[in-house]
A.B. asks: 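My questions will all concern the structure given below.
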Amino acid sequence: MSVVKELIREESDGALSFGNYELGEKTKKSDFPHDGATYKIKTFKEITRLEKNGTMVYESVPGSTVTGFKGDTASMSFDVEAPGDISFTVELEPDSLYRLDINGESAGSIQTNMSGKLSASIELDAGGKASVNITKI
């Protein structure tokens with residue numbers, strides 16, 4: 001996996017790929033159309049944030065590159081790469097319980113807050129990569 005030089009793109013399977021943690025200063029791309037919605041990406045070494053129709057969908061600290069991003073309020077999956085461990089927040093269904101799997105292993109269950117945000121920290125493997133799956137229980 002490598003950074004997304006164009007900041008955001010649609011893959012042939014309909015998934016989104018976005019983010020460039022190698023950038024030294026914040027870079028943005030707005031008005032990216034995908035599946036009937038409009039996306040905005042802000043990314044650099046300190047943070048990566050994806051918004052859909054003005055609402056946060058994904059955010060990581062520090063910045064990351066995400067590939068194969070698919071999801072809705074019931075489930076979400078993506079691969080993430082960063083130079084070190086990350087904390088991320090995603091928007092799901094409010095006040096709901098989700099199972100978090102990292103690299104195919106259960107990392108337990110997490111409750112979203114009243115606004116639907118789920119936050120987690122993950123240790124990335126030696127290559128700085130992880131596969132994340134989030135499923136509503």
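As the structure is a computational prediction, the values presented were derived from the model and not from experiment. Positions are given from 1 along the sequence.
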A.B. asks: How many angstroms lie between CG in D85 and OG in S60, if you round to the nearest 0.5 Å?
C.D. replies: 12.0 Å
A.B. asks: Under the side-chain hydrogen bond (donor to acceptor under 3.5 Å, both in side chains) rule, what do Y21 and E46 come out as? Steps first, then yes or no, please.
C.D. replies: CA-CA 7 Å; Y21 61 84; E46 294 180 17; over 6 Å; no
A.B. asks: Side-chain heavy atoms under 4.5 angstrom apart, residues restricted to Ile, Leu, Val, Met, Phe, Trp, Tyr: same cluster for V90 and I47?
C.D. replies: yes
A.B. asks: Take S119 and T89 through the side-chain hydrogen bond (donor to acceptor under 3.5 Å, both in side chains) test and state the conclusion after the steps.
C.D. replies: CA-CA 4 Å; S119 296; T89 301; 2.9 Å; yes
A.B. asks: Distance from K28 atom NZ to I8 atom CD1, nearest 0.5 Å?
C.D. replies: 15.0 Å
A.B. asks: Checking side-chain hydrogen bond (donor to acceptor under 3.5 Å, both in side chains) for the pair S64/Y58: CA distance, chi angles, key distance, verdict?
C.D. replies: CA-CA 11 Å; S64 60; Y58 171 94; 2.8 Å; yes
A.B. asks: Hey, any chance M56 and F78 share a hydrophobic cluster, counting ILVMFWY side chains that come within less than 4.5 Å of each other, even indirectly?
C.D. replies: no
A.B. asks: Please report the shortest heavy-atom distance between G63 and A82, naming the atom on each side.
C.D. replies: O-CB, 3.7 Å
A.B. asks: Spell out, yes or no, whether V80 and I102 are grouped together once hydrophobic residues are joined by side-chain heavy atoms under 4.5 Å, including indirect joins.
C.D. replies: yes
A.B. asks: Do the side chains of S75 and N133 get nearer than 4.5 Å, heavy atoms only?
C.D. replies: no
A.B. asks: On a heavy-atom basis, which atom in P62 and which in K45 lie closest, and how many Å separate them?
C.D. replies: CB-O, 3.3 Å
A.B. asks: Without swapping roles, check the side chain of T112 against the backbone of S96 for a donor-acceptor pair under 3.5 Å.
C.D. replies: yes
A.B. asks: Roughly how far apart are T67 OG1 and K129 NZ, rounded to 0.5 Å?
C.D. replies: 8.5 Å
A.B. asks: Please give me the minimum heavy-atom distance between A120 and I110, naming the atom from each residue.
C.D. replies: CB-CD1, 4.0 Å
A.B. asks: Would you find a donor on one side and an acceptor on the other, under 3.5 Å apart, between the side chain of S106 and the backbone of D101?
C.D. replies: no
A.B. asks: With side chains defined as the heavy atoms from C-beta onward, is the minimum distance between Y98 and T135 less than 4.5 Å?
C.D. replies: no
A.B. asks: The test is side-chain contact (heavy atoms from CB on, under 4.5 Å); show your working for F69 and M76 and say whether it passes.
C.D. replies: CA-CA 7 Å; F69 185 88; M76 187 174 287; 3.8 Å; yes
A.B. asks: Set out, in order, the CA-CA distance, both residues' side-chain angles and the distance that settles side-chain contact (heavy atoms from CB on, under 4.5 Å) for V4 and R9, then state yes or no.
C.D. replies: CA-CA 8 Å; V4 179; R9 68 176 177 248; 3.7 Å; yes
A.B. asks: Quick one: closest heavy-atom pair of K70 and D13, and the distance?
C.D. replies: NZ-O, 3.5 Å
A.B. asks: On a heavy-atom basis, which atom in G14 and which in H34 lie closest, and how many Å separate them?
C.D. replies: O-CE1, 2.9 Å
A.B. asks: Could you tell me the separation between the CZ atom of R99 and the CD1 atom of I134, rounded to the nearest 0.5 Å?
C.D. replies: 12.5 Å
A.B. asks: Would you check if V132 and D79 make a side-chain contact, meaning some heavy-atom pair closer than 4.5 Å?
C.D. replies: no
A.B. asks: For N53 and T55, which I'm curious about, is there any donor-acceptor pair between the side chains at under 3.5 Å?
C.D. replies: no
A.B. asks: Going through the checks in order, is the side-chain hydrogen bond (donor to acceptor under 3.5 Å, both in side chains) test met by T48 and T43?
C.D. replies: CA-CA 4 Å; T48 293; T43 186; 2.9 Å; yes
A.B. asks: Could you go through the side-chain contact (heavy atoms from CB on, under 4.5 Å) check for V61 and I86 one step at a time?
C.D. replies: CA-CA 6 Å; V61 177; I86 65 165; over 6 Å; no
A.B. asks: Evaluate F18 against Y39 for ring pair (Phe, Tyr, Trp, His ring centres under 6.0 Å), listing each step before the verdict.
C.D. replies: CA-CA 11 Å; F18 57 89; Y39 287 81; 8.4 Å; no
A.B. asks: Write down the atom of I137, the atom of S109, and the distance for their closest heavy-atom approach.
C.D. replies: CD1-CB, 3.8 Å
A.B. asks: Let's go through S30 and F32 carefully: what are the C-alpha distance in whole Å and the side-chain angles of both, what is the deciding distance for side-chain contact (heavy atoms from CB on, under 4.5 Å) to 0.1 Å, and is it a yes or a no?
C.D. replies: CA-CA 6 Å; S30 300; F32 183 84; over 6 Å; no
A.B. asks: Is there a salt bridge (Lys or Arg N to Asp or Glu O under 4.0 Å) between K136 and E93? Walk through the geometry before answering.
C.D. replies: CA-CA 9 Å; K136 188 173 180 183; E93 189 172 310; 2.7 Å; yes
A.B. asks: Please round to the nearest 0.5 Å and tell me the distance separating atom NZ of K40 and atom CG of L7.
C.D. replies: 12.5 Å
A.B. asks: Salt bridge or not between K42 and E51? Use side-chain N to carboxylate O under 4.0 Å.
C.D. replies: yes
A.B. asks: Counting N and O atoms only, with roles assigned by atom type, does the side chain of N103 sit under 3.5 Å from a partner on the main chain of S131, one being a donor and the other an acceptor?
C.D. replies: yes
A.B. asks: Is it the case that more than 12 heavy atoms not belonging to E25 sit under 6.0 Å from its CD atom?
C.D. replies: no
A.B. asks: Okay, side chain of N20, backbone of K5: is any donor-acceptor separation there less than 3.5 Å?
C.D. replies: no
A.B. asks: Would a single hydrophobic cluster contain both L50 and L23, if residues Ile, Leu, Val, Met, Phe, Trp and Tyr are joined by side-chain heavy-atom contacts under 4.5 Å?
C.D. replies: yes
A.B. asks: Any chance NZ of K26 has more than 12 other-residue heavy atoms, nucleotides or ligands included, within less than 6.0 Å?
C.D. replies: no
